[in-house]
Amino acid sequence: MSEKIALTPKTHTAPPAKFSHGVRKGNILQVAGQVGFLPAVEGQPPTPAGPTLREQTLQTLANVKAILEEGGATWDDVMMIRVYLTDVDHFADMNALYNAYFEEHLTAAPPARTTVYVGLPPGLLIEIDALAVLDA
């Protein structure tokens with residue numbers, strides 16, 4: 001059996017509870033829900049990329065990508081993305097940002113996706129998780 005490996009890129013702070021930012025076992029890599037925090041600065045609390053959906057969405061995608069890369073994956077390995085929004089009115093804007101981002105970052109078929117509406121800590125507008133399957 002393959003070992004389960006926790007993934008925490010240098011850009012991320014330690015999770016606030018007993019979970020991993022990402023976990024890889026064999027050829028499966030699960031990225032935990034990521035939000036739009038800027039890269040970690042030692043000794044400082046996590047800081048959102050900005051107050052706008054655009055800033056937070058792009059940073060959230062960068063944070064997911066960092067974990068994928070830490071586990072040896074790319075966006076083309078991603079089978080499923082789940083997007084969590086705090087406001088139903090953000091759906092169209094998020095879709096536009098999402099589509100533009102993946103026009104640049106995918107060479108394979110796009111992953112499946114689900115979008116739901118949730119409560120997040122104050123100031124956070126979006127959370128994204130991903131499931132990747134690697135060839136080896």
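The first residue of the sequence shown is numbered 1, and numbering continues consecutively from there.
- Taken from CD in Gln30 to OG in Ser20, the straight-line distance is 11.0 Å, to the nearest 0.5 Å.
- Between Ile128 and Arg82 the shortest side-chain heavy-atom distance does not fall below 4.5 Å.
- Going from atom CD of Gln56 over to atom CG of Leu38 covers 9.5 Å, rounded to the nearest 0.5 Å.
- Applying the 6.0 Å contact sphere to CE of Met80 captures more than 12 heavy atoms from other residues, nucleotides or ligands.
- Hydrophobic clustering, with ILVMFWY side chains joined whenever heavy atoms are under 4.5 angstrom apart, groups Leu7 together with Leu61.
- Note on Leu125: it clusters hydrophobically with Leu58, by side-chain heavy-atom contacts below 4.5 Å among ILVMFWY residues.
- Seen from the ring of Tyr98, Arg113 counts as a face-on cation partner, given the 6.0 Å and 45° thresholds.
- Put simply, the side chain of Pro39 reaches to within 4.5 Å of the side chain of Gln59, judged on heavy atoms.
- Looking at every heavy atom in both residues, His12 comes nearest to Ala40 through C-CB, 3.8 Å.
- In this structure, the side chain of Gln34 engages the main chain of Ala32 through a donor-acceptor pair within 3.5 Å.
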Open item on the list: Run Glu103 and Asn99 through side-chain hydrogen bond (donor to acceptor under 3.5 Å, both in side chains) and show every step you take.
Closed with: CA-CA 6 Å; Glu103 282 291 321; Asn99 288 340; over 6 Å; no

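- Leu53 places a side-chain heavy atom less than 4.5 Å from the side chain of Leu85.
- Interatomic distance, Asn27 CG to Asp135 CG, rounded to the nearest 0.5 Å: 8.5 Å.
- Closest approach of Ala73 and Leu29 over heavy atoms only: CB-CD1, 4.0 Å.
- Asp77 places a side-chain N or O within donor-acceptor distance of the main-chain N or O of Thr74, the cut-off being under 3.5 Å.
- In terms of heavy-atom proximity, Ala66 sits nearest to Thr11 at CB-OG1, 3.9 Å.
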Open item on the list: Could you go through Thr60 and Glu127, starting from their C-alpha distance and side-chain angles, then the distance that decides it, and tell me whether this counts as side chain to side chain contact (heavy atoms under 4.5 Å, CB included)?
Closed with: CA-CA 7 Å; Thr60 299; Glu127 182 172 348; 5.9 Å; no

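- With hydrogens and angles ignored, the 3.5 Å screen pairs no side-chain donor or acceptor of Asp76 with any backbone N or O of Leu106.
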- [ ] Verify side chain to side chain contact (heavy atoms under 4.5 Å, CB included) between Ile5 and Lys25, making sure each step is shown before the conclusion.
- [x] CA-CA 6 Å; Ile5 302 165; Lys25 184 168 182 177; over 6 Å; no

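- If you chain together hydrophobic residues whose side chains sit under 4.5 Å apart, Val133 and Val31 never meet in one group.
- Checking side-chain atoms of Asp129 against main-chain N and O of Val83 turns up no donor-acceptor pair under 3.5 Å.
- Closest approach of Pro111 and Ile81 over heavy atoms only: CG-CD1, 3.6 Å.
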- [ ] Determine, stepwise, if the pair Trp75 / Leu68 fulfils side chain to side chain contact (heavy atoms under 4.5 Å, CB included).
- [x] CA-CA 8 Å; Trp75 284 116; Leu68 290 170; 3.7 Å; yes

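- Shortest non-hydrogen contact noted between Ala130 and Val78 is CB-CG1, 4.1 Å.
- Leu124 and Met94 are not part of a single hydrophobic cluster, where members link through side-chain heavy atoms under 4.5 Å apart.
- Judged by distance alone, the side chain of Asn63 and the main-chain N or O of Val35 form a donor-acceptor pair under 3.5 Å.
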- [ ] Apply the test side chain to side chain contact (heavy atoms under 4.5 Å, CB included) to residues Tyr117 and Tyr84: give CA-CA distance (whole Å), side-chain angles for both, the deciding distance (0.1 Å), then the verdict.
- [x] CA-CA 6 Å; Tyr117 302 97; Tyr84 308 90; over 6 Å; no

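- Follow the hydrophobic side-chain contacts under 4.5 Å out from Val118 and you never reach Ile126; the two are in separate clusters.
- For Gly71 against Leu134, the heavy-atom pair with the smallest separation is O-CD2, 3.8 Å.
- The aromatic rings of His21 and Phe19 stand perpendicular to each other, their planes meeting at an angle above 60°, with 30° marking the opposite boundary.
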